[in-house]
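The block underneath contains the structure these notes are about, expressed in structure tokens.
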Amino acid sequence: MAAAAAARAVSVGPGLQSLQRTLPLVVILGATGTGKSTLALQLGQRLGGEIVSADSMQVYEGLDIITNKVSAQEQRLCQHHMISFVDPLVMNYTVVDFRNKATALIEDIFARDKIPIVVGGTNYYIESLLWKVLVNAKPQEMGTEKVIDRKVELEKEDGHVLHKRLSQVDPEMAAKLHPHDKRKVARSLQVFEETGISHSEFLHRQHAEEGGGPLGGPLKFPNPCILWLHAEQTGPGTSVPPVYGLEVSDVSKWEESVLEPALEIVRSFIQGHKPAATPVKMPGSETENKRSYHMCELCDRIIIGDREWAAHMKSKSHLHQLKKRRRLDSDAVTTVESQSVSPDHDKELKEKESLGQNDKELKASI
């Protein structure tokens with residue numbers, strides 16, 4: 001459906017024949033403060049696109065300053081979606097809710113021959129729009145009015161009890177999740193209870209679909225154009241569509257380093273040919289195990305995948321815990337050493353002092 005909605009025959013320029021091509025789904029990634037919203041607004045104005053926020057906090061009404069929402073004036077300059085429509089008192093708004101609403105919006109934007117521009121803030125929200133990775137689960141109806149969300153009910157139980165239950169019905173998924181991650185454990189149990197099929201089996205089936213990969217099923221939309229605003233080369237990961245890096249370290253060069261290259265890349269996608277810019281090279285190894293299980297006792301966390309484990313070992317949180325542990329160990333050693341002084345140590349010191357005093361008296365008498 002998305003592919004059909006996205007395909008449009010248009011003229012790509014003066015003197016060129018019309019051709020069938022697929023409008024791109026533009027996705028802008030980057031850390032906080034890199035200028036994602038600014039670039040999205042500029043692209044939207046120049047290309048006639050509409051912006052779809054993929055921020056898990058900006059969906060809530062209010063909290064404008066805390067969540068760094070675009071201003072009302074900026075929203076008037078370019079149509080924005082998925083901002084300030086959920087009551088902040090609602091506690092069970094999920095990524096599935098986001099995906100369903102945002103996907104329908106994107107298909108509508110495509111149907112109107114416009115370009116959807118997804119602005120990232122929450123990675124798993126973006127992933128839900130790029131890949132077919134999520135299993136649908138519907139709330140259970142109780143009587144004629146009451147609707148109960150099984151996941152919410154499960155999350156009220158003890159995390160270790162839930163994890164033990166998951167290990168019995170889906171040991172593969174249980175091995176990847178920490179008992180403290182109650183939200184994900186409850187989600188996997190919900191999938192099994194409502195479908196009779198384990199969550200891991202669902203994911204295996206998605207991976208096996210044509211176009212599927214390590215992150216899930218095939219791409220949801222056929223022509224993603226991903227722009228990554230970065231201040232340093234850290235690599236966004238492997239097994240993703242081509243990602244075009246835009247250097248934002250020097251904001252005084254925004255036009256030449258960010259806006260113009262971004263426009264050139266997106267226009268190339270619109271016209272159906274490969275951009276002149278080279279995608280970011282993803283660091284990786286053929287021997288890398290993306291499913292390996294690691295337990296960091298220091299941080300009390302389970303890490304899945306060799307790359308993720310290496311990143312965790314270098315993370316600020318892990319290094320902080322390591323420094324803290326070394327300090328505690330050092331203090332413990334100092335305490336032990338102070339308590340392990342020989343019992344005769346004080347006696348030896350007194351004998352030396354006495355001998356020294358005798359020598360002084362002898363010399364004085366001479």
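Being a predicted model, the structure only gives us computed values, none of them experimental.
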Do [X] side-chain atoms and [Y] backbone N/O form a donor-acceptor pair below 3.5 Å?
{"X": "Glu247", "Y": "Ser249", "result": "yes"}
{"X": "Lys164", "Y": "Pro179", "result": "no"}
{"X": "Lys36", "Y": "Ala31", "result": "yes"}

In terms of hydrophobic clusters joined by side-chain contacts under 4.5 Å, are Phe85 and Phe98 together?
yes
Contact check, side chains of [X] and [Y], non-hydrogen atoms, under 4.5 Å:
{"X": "Trp228", "Y": "Leu246", "result": "no"}
{"X": "Ser330", "Y": "Arg327", "result": "no"}
{"X": "Val70", "Y": "Val119", "result": "no"}
{"X": "Glu61", "Y": "Pro88", "result": "yes"}
{"X": "Lys220", "Y": "Arg99", "result": "yes"}
{"X": "Asn100", "Y": "Val96", "result": "yes"}
{"X": "Leu39", "Y": "Leu259", "result": "yes"}
{"X": "Leu130", "Y": "Val118", "result": "no"}

Counting only heavy atoms not in Gln168, do more than 12 sit closer than 6.0 Å to its CD atom?
yes
To the nearest 0.5 angstrom, please state how far the [atom1] atom of [X] sits from the [atom2] atom of [Y].
{"X": "Arg267", "Y": "Ile115", "atom1": "CZ", "atom2": "CD1", "value": "10.0 Å"}
{"X": "Cys296", "Y": "Gln321", "atom1": "SG", "atom2": "CD", "value": "8.0 Å"}
{"X": "Leu322", "Y": "His320", "atom1": "CG", "atom2": "NE2", "value": "11.0 Å"}
{"X": "Thr103", "Y": "Glu107", "atom1": "OG1", "atom2": "CD", "value": "6.5 Å"}
{"X": "His199", "Y": "Lys176", "atom1": "NE2", "atom2": "NZ", "value": "9.5 Å"}
{"X": "Leu177", "Y": "Ser167", "atom1": "CG", "atom2": "OG", "value": "11.0 Å"}

Could you go step by step and tell me if Ile109 and His81 meet the side chain to side chain contact (heavy atoms under 4.5 Å, CB included) rule?
CA-CA 11 Å; Ile109 295 170; His81 302 277; 4.0 Å; yes
Assess, by modelled atom type and distance only, whether the side chains of Gln190 and Arg187 contain a donor and an acceptor separated by less than 3.5 Å.
yes
Please test Arg46 against Glu264 for salt bridge (Lys or Arg N to Asp or Glu O under 4.0 Å), starting from the C-alpha separation and ending with a verdict.
CA-CA 12 Å; Arg46 299 199 185 195; Glu264 184 178 341; over 6 Å; no
Compare every heavy atom of [Y] with every heavy atom of [X], then report the nearest pair and how far apart it is.
{"X": "Leu219", "Y": "Pro241", "result": "CD2-CG, 3.8 Å"}
{"X": "His80", "Y": "Cys78", "result": "ND1-O, 2.7 Å"}
{"X": "Gly49", "Y": "Ile117", "result": "CA-CD1, 4.4 Å"}
{"X": "Leu29", "Y": "Val27", "result": "CD2-CG1, 3.8 Å"}
{"X": "Leu47", "Y": "Ile270", "result": "CD2-CD1, 4.4 Å"}
{"X": "Val248", "Y": "Thr34", "result": "CG1-O, 3.7 Å"}

Yes or no on side chain to side chain contact (heavy atoms under 4.5 Å, CB included) for Asn223 and Leu23, after CA distance, side-chain angles and deciding distance?
CA-CA 7 Å; Asn223 194 26; Leu23 285 173; over 6 Å; no
Start with the C-alpha distance between Glu155 and Arg183, add both sets of side-chain angles, then the distance that settles side chain to side chain contact (heavy atoms under 4.5 Å, CB included), and finish with yes or no.
CA-CA 6 Å; Glu155 288 181 2; Arg183 180 179 62 83; 3.6 Å; yes
For side chain to side chain contact (heavy atoms under 4.5 Å, CB included), just list the numbers for Ser257 and Asp250, CA-CA rounded to whole Å, side-chain angles, deciding distance to a tenth of an Å, and then say yes or no.
CA-CA 8 Å; Ser257 300; Asp250 189 349; over 6 Å; no
Given Lys101 and Asp97, is the salt bridge (Lys or Arg N to Asp or Glu O under 4.0 Å) satisfied, shown in steps?
CA-CA 6 Å; Lys101 184 175 177 66; Asp97 299 314; over 6 Å; no
Taking the six-membered ring for Trp, are Phe221 and Phe110 parallel (under 30°), tilted (30 to 60°) or perpendicular (over 60°)?
tilted
